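Accompanying notes for the structure given below.
Only this structure's heavy atoms are used, side chains among them; waters, hydrogens and symmetry mates stay out. Just so it is clear, the model here is predicted, and its values are computed rather than measured.
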Amino acid sequence: MRRELKHLIFYTGLIVMMASCQFGGDKTVENLAPNAHQVTAEEVIQTSSYTYVRVSADGREYWIAVSKMDVKEKGTYFWSVGAEMRNFPSKELKRTFPVIFFISDFTDRPITLEKQTPGGYTNQMPGEAMAGKQQAPEKTGISVEPVKGGITIASLYAKKDSYAGKTVKIRGEVIKFAAGIMDRNWIHIQDGTREGSGYDLTVTTRDSVKVGEVAVFEGVIALNKDFGAGYTYEVIMEDARLK
């Protein structure tokens, strides 16, 4: 009897110890990257392309959107890279979110300094993020031939004032793609050229492409475009078409 009781106590203690190692919504995980956020999923709404999640952290709640994925209510999640959007209308849900964050690295695993996604915030909380110029991290090893009758990204930045308001063609590799934000798709392309700090071009379009694809876009160049909430672009190609 005593032997069975000892075994019971041992296994009970083992179960408690294992449970304490799990990530709980009320327990802050240590050693997170300075720009990583730990949140609890309070409400999950699935749509055809996105998963909308009402999350809580430190007594406050806010909405985020991620590419469609399995998210469990009351689960603990982490993120570090995203973009704030204000008055974002979801046609599928038939509702407008006053403030929502589109997150690119939402995960159920802690984001440590070793596992951190490049391009994250620097110790910022939602509402303080996304200030300043928007550029994707520079990808090395890209070498894209200019399209006939087009220009390079370096040429665009070197003579940006002369291209303002004009339609140009640029070929580049797709570095990032985000669909259906503010009723348009957002694409970052790079061609391996640079002028000063200008190596990345943001393109807005209704066409779809895949990350890693080399594509030609034709659109109108705008300078110092401000979409609000510090979401500003020094150079952007708008209403582009995939050629």
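We find the CD1-OG1 distance between Ile170 and Thr193 to be 8.5 Å, quoted to the nearest 0.5 Å. Atom OH of residue Tyr77 and atom OG1 of residue Thr107 lie 9.0 Å apart, to the nearest 0.5 angstrom. To the nearest 0.5 Å, atom OH of residue Tyr52 and atom CD of residue Glu92 are 7.5 Å apart. Of the inter-residue distances, the one linking Ser143 atom OG with Glu173 atom CD reads 10.5 Å to the nearest 0.5 angstrom.
Shown here is Glu213, whose CD atom has more than 12 heavy atoms of other residues, nucleotides or ligands within 6.0 Å. Crowding of Arg95 atom CZ: a count of heavy atoms from other residues, nucleotides or ligands under 6.0 Å exceeding 12.
For Phe177, the ring-ring contact (aromatic ring centres under 6.0 Å, His included) test picks out no residue, with sequence neighbours left out. Not counting sequence neighbours, the partners of Arg54 by the side chain to side chain donor-acceptor pair (under 3.5 Å) test are Glu43, Glu61.
Annotation: side chain of Val235 is in contact with side chain of Ile221 (closest heavy-atom distance under 4.5 Å). Residues Leu93 and Thr47 have side chains in contact (heavy-atom distance under 4.5 Å, counting atoms from C-beta outward). Between Glu218 and Val216, the closest side-chain pair of non-hydrogen atoms is not below 4.5 Å.
Exactly one of Thr140, Ile175, Val174 qualifies for a side chain to side chain contact (heavy atoms under 4.5 Å, CB included) with Gln190. That residue is Ile175.
Residue pairs meeting the salt bridge (charged side-chain N to carboxylate O under 4.0 Å, His left out) criterion with at least one member in residues 64-73, sequence neighbours excluded, are Asp70-Lys72.
Using cut-offs of 30° and 60° for the angle between ring planes, the Phe88 and Phe102 rings count as perpendicular. Using cut-offs of 30° and 60° on the angle between ring planes, the pair Phe101 and Tyr62 is perpendicular.
Between the side chains of Ser80 and Asp105, at least one donor N or O sits under 3.5 Å from an acceptor N or O.
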